[in-house]
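Okay, so here's the structure we're looking at.
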Number of protein chains: 2
Amino acid sequence: MHTLNAENREMLKKERQEFILHQLNLHNKVLSADLSRNMNVSDDTIRRDLQELSQTGRLIKVHGGALSKSFHKAFDRQMVYSIESKNIIAQKTAQLVQNGMYILTAGGTSILEFAKSLDPQLNATFFTCSLNAAIEFAHHPSIEVVMIGDKVSKDAMLTTGANAVQTIESIQADLCILGINSLDTSFGLSENDWDVVQIKKAMIKASKKTICIGISEKLNSQQKIKVANMDEIDILITELDPNHPTLAPFKRQGITIY
Amino acid sequence: MHTLNAENREMLKKERQEFILHQLNLHNKVLSADLSRNMNVSDDTIRRDLQELSQTGRLIKVHGGALSKSFHKAFDRQMVYSIESKNIIAQKTAQLVQNGMYILTAGGTSILEFAKSLDPQLNATFFTCSLNAAIEFAHHPSIEVVMIGDKVSKDAMLTTGANAVQTIESIQADLCILGINSLDTSFGLSENDWDVVQIKKAMIKASKKTICIGISEKLNSQQKIKVANMDEIDILITELDPNHPTLAPFKRQGITIY
DNA sequence: TCAAATAATGCGGTTTTATGCATACTTTAA
DNA sequence: TTAAAGTATGCATAAAACCGCATTATTTGA
């Protein structure tokens with residue numbers, strides 16, 4: 001089949017500028033050099049983009065790059081720290097996604113961060129029960145998003161129920177990416193909400209590989225209902241270095257750490 | 001020689017434009033050069049197509065091609081000015097909802113505003129295809145929300161497809177609340193996106209009563225695809241006083257005005 | 001039905017835009 | 001202070017957009 005996207009490495013000007021703003025939303029700052037390398041255009045082009053965006057007041061241009069307008073807002077250090085961690089996790093996770101994959105995901109802030117970090121060129125299909133994740137994925141230029149429908153569980157902002165489970169069962173996915181609520185070497189992955197557990201169990205079953213992502217403080221804790229035993233989990237991603245001692249017990253159980 | 005469908009037969013203008021929108025929905029961007037090569041027409045033709053589509057607000061034309069509307073949406077702050085009107089509409093609409101009702105809704109800013117205006121004591125069940133509406137409804141303390149699942153249409157942020165239609169068909173709702181894109185006394189309710197039309201048609205069919213809500217400037221305009229004839233619509237709500245002359249023709253067709 | 005009216009399309013030539021490069025200048029930090 | 005990195009400016013070029021006009025479909029209406 002003829003795809004219109006053959007080797008379409010170049011971006012349209014506006015696209016580039018949107019991308020820059022998106023990066024700014026994400027990281028609060030961008031470096032011209034990074035951008036030009038990333039998007040395969042000359043420094044001049046990026047500089048002109050930044051200039052235009054700055055003229056229309058969408059960002060603050062500084063020597064070497066640009067800052068987000070909202071950067072000057074007060075922020076507490078705790079928050080920033082946690083965001084930084086989630087960003088690391090997101091980056092690592094994004095690297096595991098390949099073109100053409102079918103991926104099941106639940107919700108959670110880590111997943112949202114992951115959605116933002118996906119390569120703009122990626123082609124993949126995401127199935128999700130999370131309203132927020134669906135929206136985030138839908139912002140991506142090229143991936144396809146399928147929302148799994150059912151009753152909306154208000155505190156998780158997730159669709160749950162028999163219908164959703166049934167839909168998931170009809171999918172054969174390559175990956176299942178789950179945010180960690182609690183993960184423990186003996187009890188495995190656990191969760192407090194019965195309905196959400198059913199969804200996650202179904203997702204794991206419907207996928208060839210299961211990836212758990214989350215900040216390390218969620219490790220070595222348990223919640224009331226088990227989602228999966230450790231042997232059902234293939235990959236664990238945290239903000240820590242793969243060789244960090246905290247992760248050793250998990251590695252010993254045969255889980256791949258990134 | 002056997003070539004692919006898009007190339008060997010001449011496409012009609014409309015076909016071409018639908019194809020362009022489809023590509024846009026898929027990839028969020030198109031390049032004029034790709035399009036003209038792919039459909040075997042001159043650059044000028046494509047340029048004129050894009051121009052038309054851009055004039056009817058279905059895409060954003062940029063140098064070198066076009067971008068999907070959803071790309072730019074976040075920065076569209078012209079929506080701010082009509083907030084007051086939308087609020088009036090929301091208030092009026094909220095009064096029609098009663099305890100115990102089952103309600104189908106699509107998306108759109110009017111619907112979102114409506115969701116915020118619901119009585120906090122209300123008990124009702126909302127079914128929706130709109131990701132944003134689902135989130136808004138889910139913030140309400142007591143109502144129940146069911147997300148109708150399917151592929152996410154990126155510019156509408158709506159789930160569309162056979163699955164969604166089928167799900168809707170299995171519902172017997174009391175009300176169907178639709179945002180107006182275009183409403184015209186002769187052509188009825190119309191819309192630009194084929195997939196979205198299918199959803200709305202199904203919603204109307206599955207409900208006892210259909211309510212159309214939207215600001216008055218959407219009245220007396222037509223779009224390409226018909227969603228419903230006037231006789232399928234029961235109630236019309238705009239920001240105007242029910243006795244405003246603009247609304248007289250609609251009243252004459254037996255529609256209740258609020 | 002068929003000719004007139006209208007719409008759609010393609011083409012040549014012109015104008016505009018986007019971009020990269022060369023150069024000279026400015027900021028930054030060791 | 002000085003070298004490295006970033007910036008501004010002008011210029012060249014290729015691609016895209018535009019414009020008017022000729023040609024070809026399509027629609028309309030007696």
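Heavy-atom basis, side chains included; hydrogens, waters and symmetry copies ignored. Naming: A, B, ... by sequence-line order, numbering from 1 per chain.
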Using atom [atom1] of [X] as one end and atom [atom2] of [N] as the other, report the distance to the nearest whole Å.
X: Lys14(B); N: dT9(C); atom1: NZ; atom2: P; value: 13 Å
X: Leu12(A); N: dA18(C); atom1: CG; atom2: P; value: 11 Å
X: Met39(B); N: dG10(C); atom1: CE; atom2: P; value: 11 Å
X: Gln17(B); N: dA8(C); atom1: CD; atom2: C1'; value: 11 Å

Next on the checklist: List the residues meeting side chain to side chain donor-acceptor pair (under 3.5 Å) with His244(A), not counting sequence neighbours, and say none if there are none.
Outcome noted: Thr246(A)
Item to check | Angle by which the axis turns from one end of the helix from dT1(C)-dA30(D) to dA30(C)-dT1(D) to the other, five pairs per end, to 10 degrees | outcome: 40°
Checklist entry - Between Ser32(B) and Asp43(A), who's closer to the 5' end of DNA chain D by nearest nucleotide? => result Asp43(A)
Checklist entry - Is it true that a side-chain atom of Thr128(B) and a backbone atom of Ser130(B) form a donor plus acceptor pair closer than 3.5 Å? => result yes
Could you check whether [Y] and [X], counting side-chain N and O atoms only, form a donor-acceptor pair closer than 3.5 Å?
X: Ser68(B); Y: Lys154(B); answer: no
X: Thr45(A); Y: Ser42(A); answer: yes
X: Lys151(B); Y: Thr160(B); answer: no

Partner residues of [X] under the salt bridge (Lys or Arg N to Asp or Glu O under 4.0 Å) criterion, sequence neighbours left out:
X: Asp150(B); result: none
X: Lys61(A); result: none
X: Glu52(B); result: Lys13(B)
X: Asp49(A); result: Arg16(A)

Checklist entry - Which pair of non-hydrogen atoms, one from Leu59(A) and one from Ala66(A), has the smallest distance, and what is that distance? => result CD1-CB, 3.9 Å
Checklist outcome for this item: Contact check, residues 45-53 of chain A vs DNA chain D, heavy-atom distance under 4.0 Å, returns Arg47(A)
What N/O pairs connect the protein and nucleotides 23-26 of chain C at under 3.5 Å? Give each pair on its own line.
none

Checklist outcome for this item: Applied to residues 232-254 of chain B, the salt bridge (charged side-chain N to carboxylate O under 4.0 Å, His left out) test, sequence neighbours excluded, yields none
Item to check | Results of ring-ring contact (aromatic ring centres under 6.0 Å, His included) for Phe137(A) - residues two or more places apart only | outcome: Phe126(A)
Check: residues 31-38 of chain A side-chain donor-acceptor pairs under 3.5 Å, at least two apart:
| residue | atom | partner | partner atom | Å |
| --- | --- | --- | --- | --- |
| Ser32(A) | OG | Gly64(A) | O | 3.2 |
| Ser32(A) | OG | Gly65(A) | N | 3.4 |
| Asp34(A) | OD1 | Arg37(A) | NH2 | 2.9 |
| Ser36(A) | OG | Ser32(A) | O | 3.3 |
| Ser36(A) | OG | Ala33(A) | O | 3.0 |
| Ser36(A) | OG | Asp43(A) | OD1 | 2.9 |

Next on the checklist: By the 4.0 Å heavy-atom rule, please label Lys61(B) as base, sugar-phosphate, or nothing.
Outcome noted: sugar-phosphate
Checklist outcome for this item: Outer limits of DNA chain D sitting under 4.0 Å from a non-hydrogen atom of chain A, read 5' to 3', are dG6(D) to dT9(D)
Item to check | 5' precedence on DNA chain C between Val41(B) and Lys13(A) (nearest-nucleotide basis) | outcome: Val41(B)
